[in-house]
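Presented below is the structure to which this report refers.
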Amino acid sequence: MASDVQKLAMQGRRSTPEEVAELEKKVADQPADIDSRTKLLGYYFLCRREQPGAEETHQRHVLWLIENAPEAEIMGTPFVTIDRILQPDAYDTAKKAWIKATDDLSESPAVLRHAARYFLLHDRDLSETLLQRGKRLAPNDPEWSSAVGQLYSLGMISLSEGPERKDLAIKSFGEFQSAYRLSGPMEQEFLLQSLAKVAFEAGDIDAAATYAKEMLQVAESGRNRGNHLHHGNLILGRVALFNGDVEEAKSYLLRAGQTPGSPQLKSFGPNMGLAKALLEVGQKNVVLEYFELCEEFWEMSRGRLNQWADLVKADRVPEFGGNLAY
């Protein structure tokens, strides 16, 4: 998402009712004023659950954009999301409009990309079809393979252990590898985390360790340092535990907790996959120490670390929810 689109949407979120009325007047007089619609989407996306009529107005603007400007940058952002569960009729109307847009503009990478993102959570088969079309249009563009890898990874996360999960991990790993080969050094660095995680889930333990070690090496340069230190050590800990070395796994867990943090870690928090695996082999003391380290950077924990610590002290394994997700 381009920075100017983010700024416009965020401006919209801070708009007063009077400013919103003025923006609505602008788009009524000039329907193709995309900047004003972007601000309105930012506003309605924030208040659509509370303000009467906001949900319907948000949907109206989204539908207009799909039908008239599907290539606009705002269309590749969460601000155009319509929830399939809460608004099934509106979602289906938008779905039909997106399908028509991708048929009419079948060779537009932006339209295919935006539509694929729209369907990523609720219509993954359709999202995959659109992404594969994009790959055929631009086989040397790593973004398409990376997006397909992400799609398979999301499907993998939604499943418990089993052959289908592993199959998705293998497919995801293959796509991320393709993206890595086609990318430049900076893009390759940001693919390392995904590569290491899905390699482990795919059963390619050596590759997982290789990419995790590379994450720790590039972390020394400072770019994305907090995430690389955290996730690189966690993957190496999972590898150590897989190989039966509990002590080494414990050491990696504590190193992961010593990350300086990152915007993602400060908000969404640390990954608890290795902590859970160690609890399952009776290593609760090191996990409690890990919780204490995570308190230093997880600013939005909302007391969850203390709650989990109480459960661990009572010899129970917490339900870590989204903090288990890779």
Side-chain angles (χ1 to χ4, degrees), residues 120 124 127-128 131-132 135 139-220 224 227-253 255-256 259 264 270-281 283 320 322-326:
L120 184 61
R124 286 193 187 132
S127 183
E128 180 181 2
L131 291 174
Q132 295 292 358
K135 281 183 66 176
N140 294 321
D141 184 345
E143 184 178 343
W144 296 107
S145 291
S146 180
V148 178
Q150 180 194 17
L151 182 143
Y152 292 145
S153 179
L154 286 172
M156 177 193 77
I157 291 169
S158 67
L159 298 171
S160 59
E161 293 182 5
E164 187 178 356
R165 177 186 170 94
K166 185 169 183 179
D167 181 60
L168 285 170
I170 292 170
K171 291 163 68 175
S172 178
F173 184 44
E175 293 292 342
F176 282 130
Q177 283 183 306
S178 294
Y180 187 85
R181 287 193 293 268
L182 293 168
S183 295
M186 184 177 295
E187 292 77 16
Q188 286 181 336
E189 178 183 334
F190 284 96
L191 285 167
L192 288 174
Q193 184 176 318
S194 297
L195 280 163
K197 290 173 178 178
V198 297
F200 183 84
E201 295 290 342
D204 194 334
I205 306 303
D206 290 341
T210 296
Y211 287 121
K213 289 175 182 176
E214 190 171 346
M215 288 169 68
L216 298 184
Q217 289 175 355
V218 298
E220 296 176 3
N224 206 24
N227 286 327
H228 284 333
L229 288 175
H230 184 69
H231 295 288
N233 279 302
L234 288 178
I235 292 296
L236 290 173
R238 295 288 298 274
V239 170
L241 198 58
F242 178 87
N243 291 327
D245 194 334
V246 174
E247 292 304 313
E248 187 174 23
K250 289 162 61 177
S251 177
Y252 279 121
L253 180 70
R255 291 180 208 171
T259 174
Q264 297 83 6
N271 186 279
M272 292 291 162
L274 179 57
K276 182 175 184 289
L278 284 167
L279 286 175
E280 290 171 346
V281 293
Q283 300 297 322
F320 291 112
N323 291 90
L324 281 176
Y326 272 147

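Bear in mind that the values here come from a model prediction, so they are computed numbers and not experimental data. When reading the values below, keep in mind they use all heavy atoms of this one structure, side chains included, and skip hydrogens, waters and symmetry mates. If you read the sequence from its start, that first residue is 1, and numbering goes on from there.
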> Between Lys276 and Glu280, does a salt bridge (charged side-chain N to carboxylate O under 4.0 Å, His left out) hold up when you go through it step by step?
Replying inline: CA-CA 6 Å; Lys276 182 175 184 289; Glu280 290 171 346; 2.6 Å; yes
> Can you check whether Pro142's main-chain N or O pairs, donor with acceptor, with Ser146's side chain at less than 3.5 Å?
Replying inline: no
> Is the closest side-chain donor-acceptor distance between His228 and Glu214 under 3.5 Å?
Replying inline: no
>> Once salt bridge (Lys or Arg N to Asp or Glu O under 4.0 Å) is applied, what residue pairs with a partner in residues 171-180 remain, sequence neighbours excluded?
In response: Lys135-Glu175
> How would you list, by chain and number, every residue that makes a ring pair (Phe, Tyr, Trp, His ring centres under 6.0 Å) with Tyr252, sequence neighbours excluded?
Replying inline: none
> Side chains of Pro163 and Lys166: closer than 4.5 Å at any heavy-atom pair?
Replying inline: no
> Do Arg181 and Ser178 get their side chains close enough for a donor-acceptor pair, meaning under 3.5 Å?
Replying inline: yes
Which atom pairs, one a donor and one an acceptor, fall under 3.5 Å between side chains of residues 205-213 and the rest of the protein, sequence neighbours left out?
from: Thr210; atom 1: OG1; to: Asp206; atom 2: O; distance (Å): 3.0

> How far apart are the closest heavy atoms of Ser127 and Leu151, and which atoms are they?
Replying inline: OG-CD1, 3.4 Å
>> Looking at Tyr180, is its backbone amide N or carbonyl O close enough to the side chain of Gln188 to form a donor-acceptor pair, meaning the two atoms are under 3.5 Å apart?
In response: yes
> Looking only at atom types and distance, does a side-chain atom of Asn243 sit under 3.5 Å from a main-chain N or O of Val239, one as donor and one as acceptor?
Replying inline: yes
> Got Leu195 and Gln193 here, is their nearest side-chain heavy-atom distance under 4.5 Å?
Replying inline: no
>> If you apply the rule side-chain contact (heavy atoms from CB on, under 4.5 Å), what do you find for Glu247 with Ser251, and how did you get there?
In response: CA-CA 6 Å; Glu247 292 304 313; Ser251 177; over 6 Å; no
>> Could you measure the distance from the OG atom of Ser172 to the CG atom of Asp167? Nearest 0.5 Å is fine.
In response: 11.0 Å
> Would you say Leu278 and Lys250 make side-chain contact, with heavy atoms under 4.5 Å?
Replying inline: yes
>> When you compare the side chain of Met156 with that of Lys197, does any pair of heavy atoms fall below 4.5 Å?
In response: no
>> With a 4.5 Å cut-off on side-chain heavy atoms, are Leu236 and Leu216 touching?
In response: yes
>> For Glu248 versus Ala240, what's the shortest heavy-atom pair and its separation?
In response: OE1-CB, 3.8 Å
> At their closest point, which heavy atom of Ala249 faces which heavy atom of Gly237, and how far apart are they?
Replying inline: CB-O, 3.5 Å
> With a 4.5 Å limit on heavy-atom distance, are the side chains of Asn323 and Asn271 in contact?
Replying inline: no
> Got a donor-acceptor contact below 3.5 angstrom from the Asn233 side chain to the Leu229 backbone?
Replying inline: yes
> When you look at CZ of Phe242, are more than 12 heavy atoms from neighbouring residues, nucleotides or ligands closer to it than 6.0 Å?
Replying inline: no
> Can Gln264 and Asn227 be counted as having a side-chain donor-acceptor contact under 3.5 angstrom?
Replying inline: yes
> Under a 4.5 Å cut-off applied to non-hydrogen side-chain atoms, are Leu182 and Asp141 in contact?
Replying inline: no
